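Here the structure is a predicted model, which is why all the values come from computation and not from measurement. Only heavy atoms go into these numbers, but all of them, side chains included; no hydrogens, no water, no symmetry mates.
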Amino acid sequence: CINGVGPGCDLMLGGTLLSAHLHSVVDDLEVSNLTSGRDMMLRASEAINLGSAKAGRDLIIDSDTLQANSLSAGRALTLQSEGGDLLAGSVSAAGAGTIDSAGSVQFDSLSLTGGAPQTLNVHAAGDISLGDGSGAASGGAIVLSAGGNVTVDLASASLTTVAAGGTAN
C-alpha cells in the first residue's frame, strides 16, 4: 500500500467508523452512498466500509471485512467477508442471495421482497446476530447457519432454518 493506493489498502468509502448501533456503523456525515441502476460489484483484499450501496439489479461485495449502514439489491445479493466480520444496519434483496462470513454476521433488519420462492442463505464461521429489538426479518426463505451462536432480537421474524454450533436464542 503506497499513499493509500495499491495492494493491501483498505477500500474506505466513508468516514471514521462508529461503534454504536449498526444503523450507523459508518458516520453519516462522511459516507459514500453508492447507487447503480444495474449491477454493482465491490471487491477489496482489505476492509470495505461504506454508508450505503443500492443496486438496481445484482449487488456483489467481496472483501476481508464489510461494514455498511444499508445494503439493497433489486435482484440477487452476494456478500462475502473472507477474513472477518460482516456488519450492516439493514439488508434487503428482491432476489436470491448468499451471505458468507469468515467471522460473525450482524444485521439490525433483513428484508426479502421477492416473495415465497426467494431464498437467502446466511452463513458465519462465528456468530450470527439479527436485530436490535425493533428490526424485522421477513419474506421468502431465510436460512441461518453459524459455527457459533445465533441470536435473534427482532420485533418480528420469519426464519426457515436456524442452525448453530453454539446456542440459538
Side-chain angles (χ1 to χ4, degrees), residues 10-36 40-44 46-114 118 120-124 126-140 142-144 146 148-159 162 169:
D10 289 352
L11 176 59
M12 299 297 274
L13 303 173
T16 305
L17 293 179
L18 301 175
S19 60
H21 301 289
L22 290 182
H23 289 293
S24 58
V25 173
V26 179
D27 185 345
D28 288 331
L29 299 175
E30 302 179 36
V31 297
S32 291
N33 295 305
L34 308 175
T35 302
S36 169
M40 182 185 302
M41 180 184 296
L42 302 172
R43 293 185 190 262
E46 296 293 327
I48 292 180
N49 303 312
L50 53 90
S52 68
K54 181 177 182 180
R57 295 191 324 185
D58 299 347
L59 175 61
I60 301 167
I61 302 177
D62 184 354
S63 62
D64 184 58
T65 61
L66 172 62
Q67 293 187 358
N69 291 343
S70 174
L71 302 171
S72 177
R75 209 168 56 182
L77 174 71
T78 304
L79 305 176
Q80 184 168 353
S81 65
E82 298 184 30
D85 297 340
L86 197 154
L87 311 172
S90 67
V91 175
S92 65
T98 302
I99 298 171
D100 190 23
S101 176
S104 295
V105 171
Q106 187 172 353
F107 300 135
D108 283 343
S109 64
L110 182 59
S111 176
L112 304 181
T113 59
Q118 181 183 8
L120 177 68
N121 291 296
V122 180
H123 174 264
D127 299 334
I128 294 176
S129 177
L130 289 180
D132 62 355
S134 64
S138 62
I142 300 173
V143 178
L144 306 178
N149 301 322
V150 174
T151 303
V152 178
D153 183 14
L154 296 165
S156 65
S158 177
L159 305 173
V162 175
N169 295 322

Candidates Asp62, Leu50, Ile60 - the one meeting side chain to side chain contact (heavy atoms under 4.5 Å, CB included) with Leu42: Leu50
Indicate the atoms forming the closest heavy-atom contact of Thr65 with Ala47, along with that distance. OG1-CB, 3.2 Å
Can you see which heavy atom on Leu71 is nearest to which on Ala88, and at what distance? CD1-CB, 4.2 Å
Under the criterion side-chain contact (heavy atoms from CB on, under 4.5 Å), I'd like the reasoning laid out for Ser52 against Asn69: C-alpha separation, chi angles, the key distance, then a yes or no. CA-CA 6 Å; Ser52 68; Asn69 291 343; 5.6 Å; no
Do Leu144 and Leu130 have side chains that get closer than 4.5 Å, going by heavy atoms? yes
Go through the structure and list residues passing salt bridge (charged side-chain N to carboxylate O under 4.0 Å, His left out) with Asp100, not counting sequence neighbours. none
Residue pairs, two or more places apart or on separate chains, that pass side-chain hydrogen bond (donor to acceptor under 3.5 Å, both in side chains) and touch residues 78-89: Ser81-Ser101
What is the distance from atom [atom1] of [X] to atom [atom2] of [Y], rounded to the nearest 0.5 Å?
| X | Y | atom1 | atom2 | result |
| --- | --- | --- | --- | --- |
| Leu66 | Leu79 | CG | CG | 6.0 Å |
| Leu77 | Leu110 | CG | CG | 8.5 Å |
| Asn121 | Ile99 | CG | CD1 | 9.5 Å |
| Leu86 | Ser63 | CG | OG | 7.0 Å |

With sequence neighbours left out, which residue pairs that include part of residues 51-61 fulfil the salt bridge (charged side-chain N to carboxylate O under 4.0 Å, His left out) condition? Asp39-Arg57, Asp58-Arg75
Could you work out, with side-chain contact (heavy atoms from CB on, under 4.5 Å) as the rule, every residue matching Ser92, not counting sequence neighbours? Ser72, Ser111
Kindly list each side-chain donor-acceptor pair under 3.5 angstrom involving residues 148-157, sequence neighbours excluded, with atom names and distances?
{"from": "Asn149", "atom 1": "OD1", "to": "Thr167", "atom 2": "N", "distance (Å)": "2.8"}
{"from": "Asn149", "atom 1": "OD1", "to": "Thr167", "atom 2": "OG1", "distance (Å)": "3.3"}

Under the side-chain hydrogen bond (donor to acceptor under 3.5 Å, both in side chains) test, which residues partner Asp64, sequence neighbours left out? none
